[in-house]
Amino acid sequence: MMASSSSSSNPRNKKHDVFLSFSGEDTRDNFTSHLYSALCQKGIETFIDDQLNQGDEISQSLLDTIEASSISIIIFSEKYASSGWCLDELSKILDCRKVYAQIAIPVFYRVDPSHVRKQIGSFGVSFSELEEKFPERMQRWRSALTEAANLSGFDSLVIRNESELIKKVVNDILEKLPKVVPCDSKNELVGVESRVEEIESLLGAAPLLGIWGIGGIGKTTIARVIFNRISRNFEGSCFLENVREESQKPGGLASLQQKLLSEVLKDVNVIPHIDLNFRRLSRRKVLIVLDDVTCFNQIESLVGSLDRLLPESRILITTRNKQVIRNCHVNQIYEMKGFGDDHALELFNRHAFRQNLVDVDYKELSDKVINYAQGVPLALKILGCYLFERKREVWENAIKKLKNFLHQNILDVLKISYDGLDNDEKNIFLDVACFFKGEDVYLAKKFLEASGFYPEIGISILVDKSLIAINPYNKITMHDLLQELGREIVRQESTNPGNRTRLWHHEDIYEVLAYNRGTEAIEGMCLDMSKVKEIHLNSDTFTKMRKLRFLKFYSSIHKGENKCKVSNFQSPVFAEIRYLHWHGYPLKSLPSNIDPEKLVLLEMPRSNIEELWSGNQHYGKLKRKIIAACNTITKSPNPSLIPHLNKLVSLKLSGCKSLKSLPAEMFHLEFLKELDLLGCSKLKRLPEMSSAVNIEEVILNGTAIEELPSSIDCISGLSILDVQNCKKLKSLPSNLCKLTCLRALILNGCSKLQRLPDELGNLEALGYLHAEGTGIREVPSSIVRLNNVRKLDFKGTKGLSLPMTLSLSGALRGLWCLDLTDCGITELPENLGMLSSLINLYLDKNNFERIPESIIQLSTLLYFRLSHCERLQSLPELPCSLLELDAHHCTALESLSGLFLRDEPYRPCIDLSDNYKMDQNVTRGILQDALQKFKHMATERWKRVEEKVCLWLSLVSSSFNLFIKC
């Protein structure tokens with residue numbers, strides 16, 4: 001019987017929020033009926049016994065109903081104690097309170113609580129009349145009345161206004177219910193609780209909140225949970241689901257408005273489009289959820305002016321289009337994102353295995369599905385149901401299929417957003433899905449603009465509709481399922497790949513190229529040549545593809561080879577091309593009829609082109625970049641080409657080993673931001689840069705440059721200067737120190753560079769100075785002013801001397817890493833401890849005899865390396881923060897002052913091997929002492945944990961005992 005009762009009291013099996021216990025004789029037609037009506041208006045599921053109490057024995061069904069309720073309201077009236085039926089109800093209620101922690105709330109209606117408690121007065125007289133009939137029950141009833149009267153409740157003699165009394169009772173119920181009736185999300189839904197709490201917090205301060213995200217991400221589910229949780233706190237509420245779909249039906253908006261007004265105003269006879277209704281709406285505290293809204297007009301039609309609503313009212317809108325929420329002047333927009341792996345796996349398991357845990361035999365396959373779904377709840381549910389109770393080999397085949405074909409049910413949901421785009425926006429979406437995911441947004445916009453589209457507004461709309469996103473690095477990102485949506489739309493254009501607008505799959509492209517099946521339909525082609533065998537192209541392969549805008553033949557493996565072989569092209573080819581990338585392009589010149597006025601990008605890495613451009617043809621507006629990493633290029637860019645590069649942003653000529661000079665006009669390009677001359681080993685000088693004010697990055701790695709132009713200070717925005725392995729570079733101009741935006745200076749391998757500019761400390765933005773393996777002999781004292789520098793690397797710079805004092809307060813305060821390995825240093829600055837942020841200190845292979853005692857002040861130092869410091873004789877006390885100390889092969893080391901460990905139970909790595917002069921007993925003693933300290937700290941830590949656990953168990957035990965006693 002107890003098991004049955006326990007089961008029925010399970011929160012998931014609760015049938016009623018509230019049970020009303022009352023005497024029908026004196027309250028049924030007045031107070032009780034009014035309270036029941038008020039509870040129902042708030043959406044509180046309330047049980048009231050409509051049958052007149054007959055007989056003295058309470059029915060089992062009524063006892064079960066009490067058990068299946070979350071809260072019981074006991075309405076004590078003058079006649080309540082005259083009914084054995086009511087008193088049996090009361091006893092059962094108090095039993096449920098003890099056993100199941102059910103809430104019981106007494107309401108003293110026109111009766112003194114002390115009369116109920118002591119069974120005196122007219123209430124006591126009514127009760128005493130039962131003595132003769134039920135002598136064996138009287139003591140139990142007497143105890144129940146006393147206990148109930150001592151509970152916190154409401155007294156009509158204190159709150160005399162009956163409507164006010166009812167209002168207070170209802171509000172109290174609304175406050176208590178969420179604590180005893182758990183939200184379904186805790187038991188049935190996955191991963192919603194933290195999101196619901198966050199949105200509720202936002203709703204507390206914002207009268208209007210938008211939930212925005214892609215289809216299937218869970219917007220409606222979250223909105224429904226929130227609505228169910230808080231709707232009782234409002235005078236009226238309505239959840240309008242599928243606004244987009246319903247509004248498309250004839251009379252759809254009018255029907256939705258009728259539903260909204262009738263539910264919120266609780267008036268089934270309400271007439272839409274009457275201004276009176278909106279005035280009535282504006283006078284009530286309401287909660288309205290508008291689900292799947294696609295335009296602002298829908299909101300205006302349904303609720304009128306948002307400004308009219310009371311400040312206490314709340315409107316929640318779910319949409320795929322961010323602009324809809326902006327049009328409402330909403331400051332708070334909650335972006336719904338996909339699940340993390342844990343919640344994704346739990347949701348998938350519930351549908352694939354009907355349990356929370358994954359079947360061990362299917363773990364690897366489940367992980368593949370989780371990775372495919374990318375946290376989208378709809379996809380996880382659909383795929384889980386799709387694979388439920390299927391054999392392993394079916395799973396394997398289904399997952400293989402998913403790589404090429406989007407599940408139809410997922411496609412149908414995601415495609416709704418695509419269908420709402422105009423033709424221009426659809427083309428932009430398809431180009432991104434097929435070619436530009438992960439690419440620079442600036443490049444994509446230039447390509448799309450050259451293709452005749454309007455990318456500024458188009459990409460903005462795609463972002464607002466959650467179809468794409470722009471990350472902090474200005475790269476276009478897109479959910480994998482949305483990318484697959486775009487590609488599936490293209491696949492559905494034709495069963496024949498040659499008749500589709502865009503090709504990206506290597507098998508489809510191989511079929512089209514190898515068998516010359518291209519048609520005029522093809523606008524773009526992106527082939528990873530590492531995935532196909534060699535293709536011998538006909539000279540007329542591309543002549544049929546008259547609309548080809550995008551061609552990318554690349555290799556995803558390092559130093560991959562060109563697989564697309566061709567001896568010549570028949571004209572016309574590439575007349576409409578905007579984007580041309582061909583790794584290892586086999587011909588010595590570009591096709592003659594490429595229209596340079598249309599060309600946006602030209603990339604020919606590791607190709608056989610012998611010059612950037614031939615003849616005196618017009619060169620066009622190369623809007624993005626030229627990459628010509630061509631080992632055989634022999635000519636500098638023709639000066640007559642330069643005026644036509646007026647939109648050039650990035651110039652990459654890496655690997656042009658025969659390139660000897662650049663025309664001065666190259667640095668007159670207004671928009672040039674990146675200059676990459678890596679590996680141009682015959683380039684000895686750069687022209688003056690007085691006009692190149694926008695350049696941010698200059699890479700001269702491996703050139704034969706001997707000096708930098710003195711005008712380099714005119715490049716005020718320069719952020720990265722890379723001159724590593726410039727073996728002939730002898731000096732840096734002093735004007736370099738005027739570059740206040742310079743963040744990285746890379747000098748590694750400049751073996752003839754013997755000094756740094758004296759005013760190096762003026763580079764206030766410098767974060768990284770790499771001078772490994774240079775000929776520098778002295779570090780300028782101004783280096784201490786580099787307060788933003790994170791890493792200084794002088795590794796292998798022989799004979800280096802350091803400033804002997806860090807004189808400035810807070811000198812190098814941002815320095816994390818100092819690498820002075822193998823520099824032949826004989827003395828370290830005494831106030832080394834002033835480097836307050838230092839984490840890594842590498843001093844291996846140097847010639848100093850001692851470490852300054854101030855090192856103990858380096859409270860953040862984690863890694864300290866001193867190996868092969870063969871003149872080092874002693875170590876001072878070291879900071880307790882150390883995780884690693886490497887002092888092996890310090891052959892002159894004789895003494896240690898002790899090893900200090902972190903106040904954490906982590907065992908540090910200490911290497912004192914091959915230190916021949918150290919007394920091994922001393923070493924062993926130091927290490928044992930350190931180990932003892934470690935054990936002591938670990939023991940103390942465990943004791944503290946143990947104490948906390950014991951305290952927790954004690955509290956739990958006390959609470960449990962108290963619960964049993966009650």
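Predicted, not measured: the structure shown is a model, and the values here were computed from it.
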Shortest non-hydrogen contact from [X] to [Y]?
{"X": "L414", "Y": "G215", "value": "CD2-O, 3.4 Å"}
{"X": "C86", "Y": "S83", "value": "N-OG, 3.1 Å"}
{"X": "D49", "Y": "R28", "value": "O-NH1, 3.0 Å"}
{"X": "R232", "Y": "L174", "value": "CB-CD2, 2.8 Å"}
{"X": "S70", "Y": "L177", "value": "CB-CD2, 4.4 Å"}
{"X": "I299", "Y": "C328", "value": "CD1-SG, 3.4 Å"}

Just how far is it from atom [atom1] of [X] to atom [atom2] of [Y], taken to the nearest 0.5 Å?
{"X": "L306", "Y": "S282", "atom1": "CG", "atom2": "OG", "value": "12.0 Å"}
{"X": "L256", "Y": "C238", "atom1": "CG", "atom2": "SG", "value": "9.0 Å"}
{"X": "L208", "Y": "I325", "atom1": "CG", "atom2": "CD1", "value": "9.0 Å"}
{"X": "L87", "Y": "L130", "atom1": "CG", "atom2": "CG", "value": "6.5 Å"}

[X] side-chain N/O to [Y] backbone N/O, donor-acceptor pair under 3.5 Å:
{"X": "S61", "Y": "S59", "value": "no"}
{"X": "S262", "Y": "Q258", "value": "yes"}
{"X": "D172", "Y": "K168", "value": "no"}
{"X": "S237", "Y": "L287", "value": "no"}
{"X": "Q102", "Y": "I66", "value": "yes"}
{"X": "S69", "Y": "S72", "value": "no"}
{"X": "K219", "Y": "M336", "value": "no"}
{"X": "N161", "Y": "E164", "value": "yes"}
{"X": "S143", "Y": "Q139", "value": "yes"}
{"X": "K92", "Y": "D64", "value": "no"}

Any pair with a residue in [range] that passes ring pair (Phe, Tyr, Trp, His ring centres under 6.0 Å), sequence neighbours left out, goes on the list, sorted by first then second residue, please.
{"range": "residues 198-218", "result": "none"}
{"range": "residues 314-342", "result": "F339-H343"}
{"range": "residues 236-255", "result": "F227-F239"}

Between [X] and [Y], does any side-chain donor sit less than 3.5 Å from a side-chain acceptor?
{"X": "E175", "Y": "N171", "result": "no"}
{"X": "S82", "Y": "S126", "result": "no"}
{"X": "Y80", "Y": "S21", "result": "yes"}

Sequence-distant partners of F234, ring-ring contact (aromatic ring centres under 6.0 Å, His included), two or more places apart: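 By the ring-ring contact (aromatic ring centres under 6.0 Å, His included) rule, F234 matches no residue at all.
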Listed partners of Y36 passing ring-ring contact (aromatic ring centres under 6.0 Å, His included), at least two apart: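 Partners of Y36 by the ring-ring contact (aromatic ring centres under 6.0 Å, His included) criterion come out as none, since no residue qualifies.
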Side chain to side chain donor-acceptor pair (under 3.5 Å), paired with E246, selected from Q248, K249, R244: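 With E246 as partner, Q248, K249, R244 yield a single side chain to side chain donor-acceptor pair (under 3.5 Å), made by K249.
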Are any of the side-chain heavy atoms of [X] and [Y] separated by less than 4.5 Å?
{"X": "L309", "Y": "L281", "answer": "yes"}
{"X": "I230", "Y": "L203", "answer": "yes"}
{"X": "D17", "Y": "I173", "answer": "no"}
{"X": "T318", "Y": "I222", "answer": "no"}
{"X": "C96", "Y": "E67", "answer": "yes"}
{"X": "D341", "Y": "L345", "answer": "no"}

Test log, rule salt bridge (Lys or Arg N to Asp or Glu O under 4.0 Å), inputs K322 and E335: CA-CA 9 Å; K322 196 175 187 178; E335 181 180 0; over 6 Å; no
Stepwise side chain to side chain contact (heavy atoms under 4.5 Å, CB included) test for I73 and L20: CA-CA 5 Å; I73 299 178; L20 292 179; 3.8 Å; yes
Intermediate values then yes/no, side chain to side chain contact (heavy atoms under 4.5 Å, CB included), I75 and L35: CA-CA 10 Å; I75 303 172; L35 177 60; 4.1 Å; yes
Close aromatic pair by centroid cut-off 6.0 Å: H16 and F47: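 Yes: the rings meet the under 6.0 Å criterion.
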So, using salt bridge (charged side-chain N to carboxylate O under 4.0 Å, His left out) as the criterion, who are the partners of [X] when residues are at least two apart?
{"X": "D155", "value": "none"}
{"X": "R117", "value": "none"}
{"X": "R280", "value": "D267"}

For [X], check side chain to side chain contact (heavy atoms under 4.5 Å, CB included) against everything at least two apart and list the hits.
{"X": "D26", "answer": "S23, S77, E78, K79"}
{"X": "K259", "answer": "L240, E263"}
{"X": "L310", "answer": "E312, S313"}
{"X": "K381", "answer": "L347, H351"}

Salt bridge (Lys or Arg N to Asp or Glu O under 4.0 Å) evaluation trace for R140 with D88: CA-CA 9 Å; R140 181 162 64 92; D88 278 342; 3.7 Å; yes
Trace of the side-chain hydrogen bond (donor to acceptor under 3.5 Å, both in side chains) decision for N321 with T319: CA-CA 5 Å; N321 189 350; T319 182; 5.9 Å; no
Salt bridge (Lys or Arg N to Asp or Glu O under 4.0 Å) between E235 and K266, intermediate numbers included: CA-CA 10 Å; E235 295 173 335; K266 304 186 189 317; over 6 Å; no
